[in-house]
Structure formats: structure tokens, C-alpha cells
Amino acid sequence: MKSLDQFATGKLDDLQRRHLRRALSDTYREDGIWVERDGRRLLSFSCNDYLNLTQHPTVKQAALEALKVYGAGSGASRLVTGNHPLYAELEARLARIKQTEAAVVFGSGYLANAGIIPVLIGRYGLVLLDELSHACLYAGAQLSRGTVLVFRHNDVAHARELLVRHRSEHDHALLVTDGVFSMDGDLSPLADLLALANEHDAWLMSDDAHGLGVVGGGRGSSFAGNTHIPVPLQMGTLSKAVGAYGGYLCASAAVIELMRNRARTLIYSTGLPPAIVAAAIAALDVIEREPGYAALAVQKAKAFTRAAGLPEAQSPIVPVIIGDEQATLDASDVLMDEGFLGVAIRPPTVPAGTARLRLTFTAQHPDDQIARLARLVREKIPVA
Ligand SMILES: Cc1ncc(COP(=O)(O)O)c(C=O)c1O
């Protein structure tokens with residue numbers, strides 16, 4: 001045991017020296033925007049609850065009712081006895097929103113990506129990822145045991161170059177990208193990537209964790225700009241704008257049936273608690289019924305970037321890049337002293353030298369507070 005603890009302590013000391021050690025902070029979320037942390041009441045610009053639906057009365061009520069009817073947990077894998085009847089409703093709803101034949105719900109977004117990619121790509125396959133793809137897309141790619149290549153962020157020409165050079169060496173190829181990039185808030189050029197994938201008999205997969213509910217009229221990044229880009233593999237999560245939990249894939253009926261048969265993270269993991277599935281259905285109801293409300297998060301982010309003199313927001317996520325890790329931690333403290341929560345994001349979550357405050361905007365953030373935050377960022381934060 002001694003060498004084990006020595007190993008752990010050595011690793012932690014190293015992280016500390018590099019200003020990369022992390023700590024969990026108890027956070028009490030009072031409502032959709034206010035939190036209490038370290039004894040302080042703060043207006044949070046660090047939650048992914050873009051539509052504040054975690055706190056919506058009908059969403060909470062739906063969860064309570066499902067809890068009473070079905071109990072707390074699902075009791076087994078979906079493939080055994082954990083497939084409570086709410087799943088079918090949620091999956092039909094997701095397929096309708098994304099305009100695909102079918103959908104399947106996983107235990108989380110991370111589990112979805114770790115499960116989906118190895119079903120489609122094996123030892124002789126190729127996974128081509130945008131370099132800023134989320135960590136769980138990288139995890140799924142590595143689990144596939146295929147060849148993993150990375151193209152420069154949103155650089156379709158570079159992706160083409162790699163496909164031209166390597167596609168013929170592999171039986172199948174998967175082109176993977178975030179739809180809305182989680183740490184930068186920009187959108188992927190999905191139309192161009194889809195055309196490229198089709199040219200080379202590759203399959204395009206987008207991770208729309210940060211798109212569903214807030215861009216493209218609430219339908220997500222493949223509907224942004226009033227178009228519909230028929231991305232064949234549309235993955236996402238129910239844990240951000242939807243305010244619940246769970247991951248999903250929307251795709252053709254054949255692909256979804258294959259996932260139900262082969263995705264290890266679906267087969268060998270317990271089904272979601274029924275209350276969470278009920279909450280997700282109720283939240284999707286709000287998103288479909290109230291497109292004006294769903295558009296608010298991006299509108300608020302745009303108001304902020306205008307006032308702060310930053311590049312215009314394309315999603316509710318606004319990166320305020322500082323660069324140095326310690327300077328970013330200090331900037332987060334400056335915000336906290338003014339009553340705002342803006343958590344510092346450091347490597348390896350973002351590339352070295354690009355530590356940042358990742359600010360997220362929600363439908364219910366008051367305009368005057370957004371203006372005050374913008375003034376603070378303009379005057380007191382050393383933006384790179
Ligand atoms: C782009 C992206 N994909 C996937 C995930 C994982 O989703 P979940 O939180 O449901 O595991 C996240 C969340 O952190 C994300 O930002």
C-alpha cells in the first residue's frame with residue numbers, strides 16, 4: 001500500500017506544481033442561475049443548464065410522478081429488465097426532433113460515445129476526429145482499436161487531406177466532431193464535413209451535447225442556420241439544455257438496432273432511473289412547445305459578447321481565453337469577488353496555453369447582470 005500512496009501523492013504534487021490540481025467544491029444550486037459556494041451566493045455563468053430546465057416545475061413534477069410509479073432505480077440493464085416503458089416515448093421524441101428513423105438512449109453522453117464508436121469501427125477501421133472533440137469521443141475512438149487520426153479544428157481541407165491519404169487503407173472510416181464545441185462554443189461546418197464524408201465513403205458522427213435545445217430552433221447544430229443537414233449519426237446528451245441525464249444516438253433504424261445489440265456500454269450498464277427519463281421527456285416538451293424561450297440562451301450570450309467586445313457568440317458558450325493557468329484562476333477570483341461564478345478551465349480539458357474562463361449563458365440570466373459581467377471582463381480580465 002505504501003508504494004500506492006506514494007504514487008498518488010507524487011502525481012498530486014506534480015499537478016499542484018503545474019497549477020493543474022483540481023478540487024471538488026460543494027455547490028448548492030438555489031434555482032436555475034444562483035448558486036451557493038464556499039459560503040457565498042453567486043450568479044453562475046458556469047452551468048450547462050442553458051434553459052434552466054433542471055428547475056422547471058413541470059419537469060420536476062414529471063420526475064416525481066415517475067419516481068412514485070416506477071421506483072428509484074431501473075433495477076437492471078435495459079436488455080434485461082431495466083427497459084421501463086418511458087424509454088420508448090423518449091426515444092420516439094428524440095428521433096422526431098432530429099428527423100431520424102430511430103433513436104437509442106444510453107446511461108450518459110460519455111457512455112454513448114464510448115459505446116457507439118467501437119460498434120462501427122474495429123481494428124481495420126479509421127476514426128478521424130476534429131482536434132477539439134470532447135474527451136469521450138477520443139475515449140470511444142481509442143476503445144475501437146482502429147487507427148485514430150486528428151484533423152485541425154474545423155479544417156475541412158485538412159480532414160480531406162487525411163482521408164485522401166488514408167481512406168483506402170481501412171475497411172470503414174468515421175468522421176467525428178462536436179456539433180457545438182464544448183469549450184469554445186463555435187459550430188462545426190457540418191454541411192462541408194458531410195459532403196466530404198460522402199465523397200470518401202466515410203460516416204459522419206456529430207456530438208450535439210451543447211446544441212440540442214439551444215441552436216437550430218432547439219433541434220441542434222444540424223438544423224442551425226435554417227437548414228437541415230442530414231448527419232447520419234447524431235449523438236447528444238440529455239444532461240445540458242435538457243436538464244436531466246443520459247446520452248442518445250439518433251440514426252437509421254438499422255444502426256439503432258445494431259447499437260441495441262452490440263454497444264457494450266448499453267448492454268452492460270444499468271438503465272437510467274425512470275424519474276430521469278420522465279424529466280427528459282417533459283423538458284423536450286418545453287423545448288418543442290416554446291422555441292422563443294429556447295432561443296434565449298444564445299441571444300443572451302450574443303448580448304454579452306457584443307458588450308464585452310469579444311467575437312460574436314454562436315452558442316450559449318463563450319470562452320474568455322487568458323492563457324496562463326494561474327492568471328485564469330486569479331481571473332475567476334476577480335469574478336467571484338463581484339458575485340459571479342465563472343470557473344477556470346485548464347489543460348488537459350483545453351490545449352496548453354489556452355486556459356480560460358468558460359462562460360455559459362442561460363435563458364434566465366438578467367440583462368443588467370450580463371452587462372455588469374461584460375464591463376468586468378472588459379476592464380479587469382487580461383483577455384489574451
Ligand atoms: C461535447 C460533449 N460530449 C459529451 C459529453 C458527456 O455527456 P454526459 O455529461 O452526459 O456524460 C459532454 C459533457 O461533458 C460534452 O461536453
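We count ligands from 1, going down the list as the structure has it; atoms in each ligand are counted the same way. Predicted model only: the values in this text are computed from it and were never measured.
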Closer than 3.5 angstrom, by distance alone: can the side chain of N113 be matched with the main-chain N or O of G140 as a donor-acceptor pair?
no
Reference residue L128; test side-chain contact (heavy atoms from CB on, under 4.5 Å); the match among V176, T177, L149
L149
Which of the ligand 1 atoms, numbered from 1, are nearer than 4.0 Å to a heavy atom of A209:
1 (C), 2 (C), 3 (N), 15 (C)
What I'd like to find out is whether the side chain of V255 reaches to under 4.5 Å of the side chain of L249, using heavy atoms alone.
yes
Those atoms of ligand 1 less than 4.0 Å from some heavy atom in S182:
16 (O)
Within the structure, does S239 bring an N/O atom to less than 3.5 angstrom of an N/O atom in ligand 1?
yes
At less than 4.0 angstrom from any non-hydrogen atom of H210, what atoms of ligand 1 do you find?
1 (C), 15 (C), 16 (O)
Does the side chain of T27 pick up a donor-acceptor pair with the side chain of S25 at under 3.5 Å?
no
Going through the checks in order, is the ring pair (Phe, Tyr, Trp, His ring centres under 6.0 Å) test met by F181 and H153?
CA-CA 10 Å; F181 286 87; H153 178 50; 4.4 Å; yes
Determine, considering heavy atoms only, which of S206, G109, G236 sits nearest to atom 7 (O) of ligand 1.
G109
Which of the atoms of ligand 1 are close to K240, meaning less than 4.0 Å from one of its heavy atoms?
9 (O), 12 (C), 13 (C), 14 (O), 15 (C), 16 (O)
Distance-only N or O hit between ligand 1 and D207, under 3.5 Å:
yes
Contact check: Y110 vs ligand 1, nitrogen or oxygen atoms, below 3.5 angstrom
yes
Please confirm whether G247 approaches ligand 1 to less than 4.0 Å, judged on its heavy atoms.
no
